[in-house]
Amino acid sequence: MPLSSLPENSLKLIEHRLIGESVSFKASPNTSGLFEPNAPDTIVVHFTAGSSLQSSVDVLTRVNSGVSAHFVIGRNGDIVQLLPTNQIAWHAGESAYAGRSGLNRYSIGIELDNAGQLEPKGDGLFESWFGKLYDERDVVAAQHPHQSVMGYWHKYSDIQIAKTVSLCRVLCAHYSISTVVGHEEIAPSRKVDPGPAFPMEALRKSLMARAHEQELHSRIDELAKEDGLRKENHAGRENFLPDKEGAVASVSANALNVRKGPSMSSPLLDNTLHKGEVLKIVEKQGEWAKVSFTKTGWVNTQYINDISEKLPFQV
Ligand SMILES: [Zn+2]
């Protein structure tokens with residue numbers, strides 16, 4: 001399932017507790033207390049290497065097991081929260097990333113119910129370390145970057161990945177999350193989770209795209225305000241967007257030339273536009289668009305994306 005086709009997020013974080021459908025809480029005693037201010041700023045994704053959601057929750061909430069996590073996501077999409085998100089969980093172990101060690105102090109841990117790496121047994125069957133057999137339809141063959149040969153990995157379910165994305169979005173909206181990593185990236189000598197069956201790059205891209213979209217919203221709000229003030233009629237964004245003349249685009253090229261007229265031979269304006277900048281489209285001629293930013297000029301439309309229709313404009 002492409003991450004972009006995910007349903008809208010119905011999860012919410014209130015008072016460090018996740019609220020939503022199929023979410024439950026079972027307290028773990030395994031915590032070192034409250035995070036320092038400015039933490040958490042990192043999300044660490046794991047597989048449980050376990051046989052079921054329940055068995056993993058049991059271990060992670062057992063006194064003296066020495067392990068815990070903030071969330072465990074089942075293969076049916078159920079989410080069990082084990083610690084409030086303002087408390088330190090024990091999921092990272094000995095770990096280091098980007099100049100810091102002991103990542104538990106900075107991170108939210110999300111465990112996904114998954115059997116982990118499997119052994120091929122012939123006849124399309126694969127066995128977990130705890131002796132359960134899995135059909136090849138539930139297996140991904142891929143070489144882990146830490147390993148030298150092809151491995152076999154228990155597939156994540158679509159709903160499990162969708163819930164992981166939703167949960168990360170909620171966490172990113174709530175905390176200044178700068179880093180989303182797999183356990184294998186912060187403890188590369190010991191760990192291979194969440195492994196090559198987990199779409200880590202797609203998750204990061206999806207979260208970055210969402211952050212970028214939110215930034216665009218606030219910039220368009222600002223533009224709308226300025227626009228409203230100039231016109232001295234309505235300051236509302238409805239007045240600004242997105243009727244046919246008032247279409248909005250963002251720059252997709254790293255640097256985009258602006259010209260005085262709609263042609264390659266027309267002289268350049270001083271301004272160069274940069275990726276992500278938001279423009280109002282004033283007029284179109286062929287593959288050229290007259291755009292307004294602090295000035296007005298013409299740009300080639302292959303280097304801008306019309307975003308008027310993609311913006312939901314929720315407050
Ligand atoms: Zn792990």
Side-chain angles (χ1 to χ4, degrees), residues 18 26 28-32 35 39-62 64-75 78-83 85 87-98 100-119 128-130 132 134 139-140 142-147 151-157 160-161 163-165 167-168 171 177-204 207:
L18 190 69
K26 184 177 179 201
S28 174
N30 303 327
T31 173
S32 337
F35 280 114
D41 60 14
T42 298
I43 295 172
V44 181
V45 179
H46 304 257
F47 60 49
T48 56
S51 60
S52 70
L53 174 62
Q54 191 56 52
S55 67
S56 297
V57 167
D58 288 348
V59 172
L60 295 165
T61 55
R62 187 180 299 150
N64 297 331
S65 74
V67 285
S68 60
H70 293 93
F71 301 98
V72 193
I73 305 182
R75 303 188 66 77
D78 283 0
I79 303 179
V80 184
Q81 183 173 6
L82 310 178
L83 282 165
T85 53
Q87 291 190 26
I88 297 172
W90 300 343
H91 56 97
E94 203 175 300
S95 52
Y97 193 80
R100 298 191 302 196
S101 59
L103 269 290
N104 281 340
R105 283 178 291 149
Y106 310 106
S107 62
I108 296 285
I110 302 175
E111 293 273 359
L112 306 186
D113 175 22
N114 179 288
Q117 189 160 10
L118 307 170
E119 284 293 323
S128 66
W129 68 270
F130 46 86
K132 190 167 163 185
Y134 295 85
V139 178
V140 175
Q143 188 178 329
H144 194 287
H146 300 172
Q147 297 176 345
Y152 301 92
W153 306 85
H154 190 196
K155 249 186 207 168
Y156 295 91
S157 71
Q160 205 174 18
I161 289 173
K163 287 294 183 88
T164 306
V165 177
L167 175 56
C168 287
L171 294 169
I177 301 290
S178 57
T179 308
V180 180
V181 284
H183 200 185
E184 64 208 1
E185 295 170 88
I186 62 169
S189 61
R190 318 183 281 121
K191 292 293 176 181
V192 292
D193 63 316
F198 186 80
M200 185 57 82
E201 275 317 306
L203 170 63
R204 287 189 185 121
L207 296 174

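Remember, it's 1-based here, ligands and their atoms both numbered in the order they're listed.
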Just by distance, with hydrogens left out, do Ser189 and His146 show a side-chain donor and acceptor under 3.5 Å apart? no

Is Asp193 close enough to the Zn ion (ligand 1) that one of its N, O or S atoms comes in under 2.8 Å? yes

If you measure only the distance, is there a donor-acceptor pair under 3.5 Å linking the side chains of Ser65 and Asn30? yes

I'd like the atom name of the N/O/S atom in His46 lying closest to the Zn ion (ligand 1). ND1

Measure the shortest side-chain to side-chain distance between Tyr134 and His154 over non-hydrogen atoms and say whether it is less than 4.5 angstrom. yes

So, Thr31 versus Trp90: side-chain donor-acceptor pair below 3.5 Å or not? no

For a distance under 2.8 Å, tell me if His183 has an N/O/S atom near the Zn ion (ligand 1). yes

